[in-house]
There are 2 protein chains.
Amino acid sequence: MVEIAVGLAPVGRDTVQDRVYSELRRALIGGLFAPGQVLTIRQLADALLTSTMPVREALGRLIAEQALEALPNRSIRVPLVTLDRIEDLLRTRVLLEGEAMELAAQRMTPRLLDSIRTIMAEWEEMRLGGDPETVDREVTLNHAFHFEIYRACGSTILPPMIESLWLQSGPFTRAAIYAFAEAGAQDAARFHHDILNALAAGDGVAARAALVADISRPFAYLREKLGKEGVA
Amino acid sequence: MVEIAVGLAPVGRDTVQDRVYSELRRALIGGLFAPGQVLTIRQLADALLTSTMPVREALGRLIAEQALEALPNRSIRVPLVTLDRIEDLLRTRVLLEGEAMELAAQRMTPRLLDSIRTIMAEWEEMRLGGDPETVDREVTLNHAFHFEIYRACGSTILPPMIESLWLQSGPFTRAAIYAFAEAGAQDAARFHHDILNALAAGDGVAARAALVADISRPFAYLREKLGKEGVA
DNA sequence: ATGTTTGATCTGTGATCACACTTGATTTGA
DNA sequence: TCAAATCAAGTGTGATCACAGATCAAACAT
């Protein structure tokens with residue numbers, strides 16, 4: 001058989017389970033669920049207007065990815081936020097995302113750089129608007145900015161692992177985003193610009209350093225806040 | 001209510017799904033499934049003497065962990081082995097396991113060291129026996145040796161991620177183990193001794209180096225073998 | 001001989017039901 | 001008055017069934 005239509009993308013299935021999974025994942029990364037919140041299958045099925053079957057399988061996947069926690073009671077909850085866990089997450093994210101960033105810097109192409117700049121531009125415009133309603137979109141764009149880079153690292157293993165870390169960070173990054181809405185806006189933008197410049201120069205070490213600064217910022221804030229209040 | 005029987009361990013549930021999951025995981029790490037092999041729910045359910053329900057949920061978890069692959073055909077298979085994938089896995093394992101090892105070296109206790117030595121002793125005795133029947137037990141002990149260390153690293157995030165990498169490495173490490181049964185036995189033993197000595201000395205850098213040598217060995221062999229034969 | 005259609009079989013997906021267990025409030029007992 | 005027993009509502013788990021899509025071979029048409 002001759003090769004036809006090489007430019008087409010694979011169509012990909014669209015099962016109910018996948019939609020439920022994507023929706024829950026979006027909600028987790030966006031911080032719509034509170035740490036410690038218990039999720040029940042039937043309640044989610046009602047909210048999502050489906051039956052319990054797709055929900056329980058999606059929850060099973062999220063538990064396997066450490067994004068949710070299965071208690072011995074058989075109940076399912078969003079993991080708690082503790083000081084230890086924050087340190088742990090930050091350290092692991094620096095390790096993996098730093099590596100992915102440095103690898104990506106060595107394989108950067110003008111085309112990819114353009115794509116990243118486009119996302120960055122939209123993100124910055126939104127931040128300047130200062131509309132609190134757009135925080136969801138902001139989270140999405142921030143996610144897109146980082147993973148557009150990580151996908152360029154040449155590894156098929158690293159990006160899914162980093163996604164898992166974002167999923168675990170999700171429940172308490174939103175708090176930090178809100179808090180930094182004014183105070184840290186220019187900082188975050190500066191870090192992203194630093195990353196972009198380093199990538200354009202092909203300087204992996206500088207890109208890694210800028211990234212570490214970028215993701216350490218909200219964690220440092222949370223650490224300080226939790227240190228005063230105890231667990232949230 | 002008064003506190004009674006404080007010394008008891010939590011009983012922990014034992015669902016059919018968990019047993020299926022453990023069994024599949026064991027089979028994958030032990031290399032019982034061939035790369036590219038297609039797994040069907042009903043066939044596994046028959047083999048495991050259960051219904052399809054627990055099997056499909058267990059498969060869903062394994063897919064979420066990247067241990068299995070969901071094709072657009074809706075069929076499920078063990079991921080293929082390619083040269084790129086081998087390089088990718090090795091690089092990521094060195095990154096994560098090296099970090100875990102260095103962290104563990106800084107938190108090592110005499111009690112844990114003893115526990116590791118016990119595993120090591122049993123493993124070495126089995127290797128000296130040279131019985132090809134015991135390769136399953138050998139794989140299990142090798143796993144126990146490494147993860148007894150990784151659990152000591154103080155992170156709750158790192159070990160599950162490393163488990164996921166072992167799961168992905170499983171389908172083609174067995175080939176390497178067989179090949180090294182005679183040729184590399186003393187090498188592997190030496191690396192494990194190096195690791196143990198470094199841990200006892202609290203020397204994280206040396207422990208990391210010994211570990212990298214340990215896990216690079218079978219990968220190097222596979223790389224060479226695949227380079228000659230093409231994909232397996 | 002090549003390409004198309006057809007049909008039987010097998011696959012994952014989702015819905016529904018029964019069951020065992022947890023949980024929390026209510027009732028019962030001393 | 002307080003602790004223990006009880007009961008009802010709600011939970012995840014597993015089995016079973018119905019269905020749409022995939023697969024592959026044989027029959028057919030070009």
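In what follows, chains carry the letters A, B, and so on, assigned in the order in which the sequence lines appear, proteins first and then strands, with residues in each chain numbered from 1.
Inter-residue side-chain proximity for B:R26 and B:V139 is flagged as unmet; no heavy-atom pair is nearer than 4.5 Å. The closest side-chain heavy-atom distance from A:L103 to A:E99 is below 4.5 Å. Looking at heavy atoms from C-beta onward, A:I76 lies out of side-chain contact with A:L62 at the 4.5 angstrom threshold. Side-chain contact between B:T50 and B:R19: absent, with no pair of heavy atoms (C-beta onward) separated by less than 4.5 Å.
With respect to the salt-bridge test (charged N to carboxylate O, under 4.0 angstrom), the residues B:D88 and B:R91 qualify. Using a 4.0 Å cut-off between charged nitrogen and carboxylate oxygen, A:R25 and A:D18 do not count as a salt-bridge pair.
Among the atoms of the strands shown, none is found under 4.0 Å from any heavy atom of B:L71.
A close approach under 4.0 Å does not occur between any side-chain nitrogen or oxygen of B:N73 and OP1 or OP2 of C:dT11. In this model, the phosphate group of D:dT11 is not approached by any side-chain N or O of A:S75 to a distance below 4.0 Å at OP1 or OP2.
Of the candidates A:E57, A:R56, A:M53, A:E57 is the only one forming a side-chain contact (heavy atoms from CB on, under 4.5 Å) with A:Q17.
Aromatic ring orientation, A:W166 versus A:F147: perpendicular (interplanar angle above 60°, classes split at 30° and 60°).
If you take CG of A:D46 and P of D:dG10, they are 12 Å apart, rounded to a whole angstrom.
Within residues 58-70 of chain B, no residue places a heavy atom under 4.0 Å from DNA chain C.
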Output one line per pair: protein atom, nucleotide atom from nucleotides 13-20 of chain D, and distance, for all N/O pairs under 3.5 Å.
unit_1	atom_1	unit_2	atom_2	d
D:dG14	OP1	B:V16	N	2.4
D:dG14	OP1	B:Q17	N	3.2
D:dG14	N7	A:R56	NH1	3.4
D:dG14	N7	A:R56	NH2	2.8
D:dG14	O6	A:R56	NH1	3.2
D:dA15	OP2	B:S51	OG	2.1
D:dA15	O5'	B:S51	OG	3.4

